[in-house]
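Values reported hereafter were calculated over all heavy atoms of this structure, with side chains retained and with hydrogens, waters and symmetry mates removed.
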Amino acid sequence: MFNRLAAGLLAGASVAAIAAPAQAGTAEPVRSNSGGANWTTTSIEFKTFFETGEITDRALQAAVNNSGWTAEEIRWGMTKFYAVDVVGVARFLYSEDGVKFLKDQTRSYFPYWKMKSTAVVALRSAIIVDSVDGSISSAGILAELPVAFRLANISGSYDGIQNVCAPMNCEGDAQCTSLMSWYVFLPACVQVNSQLPEPAPRQTYTPPARPLW
């Protein structure tokens, strides 16, 4: 119980550490910018897609078209649940390897306002908060982002490419670099890396033999 409470407090601290302007937050989980153009896909538009399969946003349609997957594959992948333990998730994401993982996973996708300076904290917060109920999904992580995120494609700074965490399981540039494909693979990678060790088997007590005298 203490470990779960501690993990919850860590998640809360992560959220508090990146307090943002009132207009930011999970209402704008994906803001794309390329050159001088900017697009925003809201949480409502993602929710409509996840629940009905209908795409009501041009930017989301473009993201799906450029993902390397069909819309139905993206929808299925992002709403699939993975069983996790919040203690294991927090332990991994606060470890040295976990921080390296989070840095790698926010190559071009990070908070809109603070950018790289709060990328690790923001993504970690979303993953941990989503894992509190014992499961995570791409849709759940996206919904728990504490601030607006951008996918940056800025000449000389960021290339709009995301490091899909399971490169051995993707095929082609689109599947291995796109934001939607990155989201599909993210929870599975967290699940694998956050597994807690199996408890040691309890030793059976064997009473001493009774003496014959």
Side-chain angles (χ1 to χ4, degrees), residues 23-82 84 101-102 104-113 115 119 122-123 125-127 129-131 135-155 157-192:
Q23 70 269 24
T26 56
E28 298 177 343
V30 178
R31 300 181 69 176
S32 306
N33 65 276
S34 178
N38 292 274
W39 300 271
T40 298
T41 304
T42 68
S43 56
I44 294 175
E45 289 159 340
F46 271 108
K47 184 178 180 181
T48 298
F49 172 55
F50 295 146
E51 292 182 351
T52 69
E54 183 182 4
I55 299 177
T56 59
D57 173 65
R58 290 178 60 188
L60 178 56
Q61 183 69 70
V64 170
N65 291 345
N66 295 326
S67 69
W69 305 93
T70 67
E72 191 55 33
E73 286 171 332
I74 291 292
R75 183 187 177 204
W76 180 86
M78 290 190 68
T79 55
K80 180 180 178 180
F81 287 94
Y82 295 81
V84 294
F101 172 81
L102 292 167
D104 181 69
Q105 293 300 290
T106 50
R107 171 174 171 170
S108 297
Y109 184 59
F110 38 69
Y112 188 84
W113 303 103
M115 300 178 69
L123 182 57
S125 170
I127 295 171
V129 172
D130 188 42
S131 71
S135 68
I136 57 174
S137 67
S138 303
I141 294 170
L142 182 144
E144 296 296 351
L145 291 174
V147 293
F149 264 55
R150 73 163 77 185
L151 180 66
N153 188 354
I154 306 170
S155 178
S157 300
Y158 304 103
D159 56 14
I161 290 174
Q162 276 296 97
N163 294 329
V164 171
C165 63
M168 70 294 295
N169 293 324
C170 60
E171 297 181 1
D173 288 343
Q175 285 188 11
C176 296
T177 63
S178 66
L179 179 65
M180 293 295 95
S181 188
W182 171 82
Y183 257 120
V184 167
F185 284 103
L186 179 62
C189 291
V190 173
Q191 181 194 52
V192 169

- [ ] Would you check if the side chain of R75 reaches a backbone N or O of E51 as a donor-acceptor pair within less than 3.5 Å?
- [x] yes

- [ ] Could you tell me whether a side-chain N or O of N65 sits under 3.5 Å from a main-chain N or O of Q61, the two making a donor and an acceptor?
- [x] yes

Closest approach of [X] to [Y] (non-hydrogen atoms, all atoms of both residues):
X    : Y    : answer
P146 : A126 : CD-CB, 4.4 Å
E73  : T70  : OE1-N, 2.9 Å
L145 : P29  : CD1-O, 3.9 Å
I74  : F49  : CG2-CE2, 3.9 Å
P111 : A119 : CD-CA, 3.6 Å
V184 : P187 : O-CD, 3.8 Å

Kindly compute the distance separating [atom1] ([X]) from [atom2] ([Y]), expressed to the nearest 0.5 Å.
X    : Y    : atom1 : atom2 : value
F50  : S138 : CZ    : OG    : 7.5 Å
D173 : N66  : CG    : CG    : 12.0 Å
M115 : R150 : CE    : CZ    : 4.5 Å
C176 : N163 : SG    : CG    : 10.5 Å
S137 : M78  : OG    : CE    : 8.0 Å
E144 : S43  : CD    : OG    : 11.0 Å

Open item on the list: One pair to check against side-chain contact (heavy atoms from CB on, under 4.5 Å): F101 and V190. What are the steps and the verdict?
Closed with: CA-CA 9 Å; F101 172 81; V190 173; 4.2 Å; yes

TODO: Name the orientation class of the two ring planes belonging to F149 and Y109 (parallel below 30°, tilted from 30 to 60°, perpendicular beyond 60°).
DONE: tilted

For a 4.5 angstrom cut-off between non-hydrogen side-chain atoms, does [X] reach [Y]?
X    : Y    : value
Q162 : L151 : yes
W69  : M180 : no
S108 : N153 : no
D159 : R107 : yes
V164 : Q175 : no
S131 : I136 : yes

Task: Qualifying residues under ring-ring contact (aromatic ring centres under 6.0 Å, His included), relative to Y158, sequence neighbours excluded - done: F110

Task: Q105 and W182 side chains, donor-acceptor separation under 3.5 Å - done: yes

Open item on the list: Which residue in the set L60, I55, L142, T56 passes side chain to side chain contact (heavy atoms under 4.5 Å, CB included) when paired with T41?
Closed with: L60

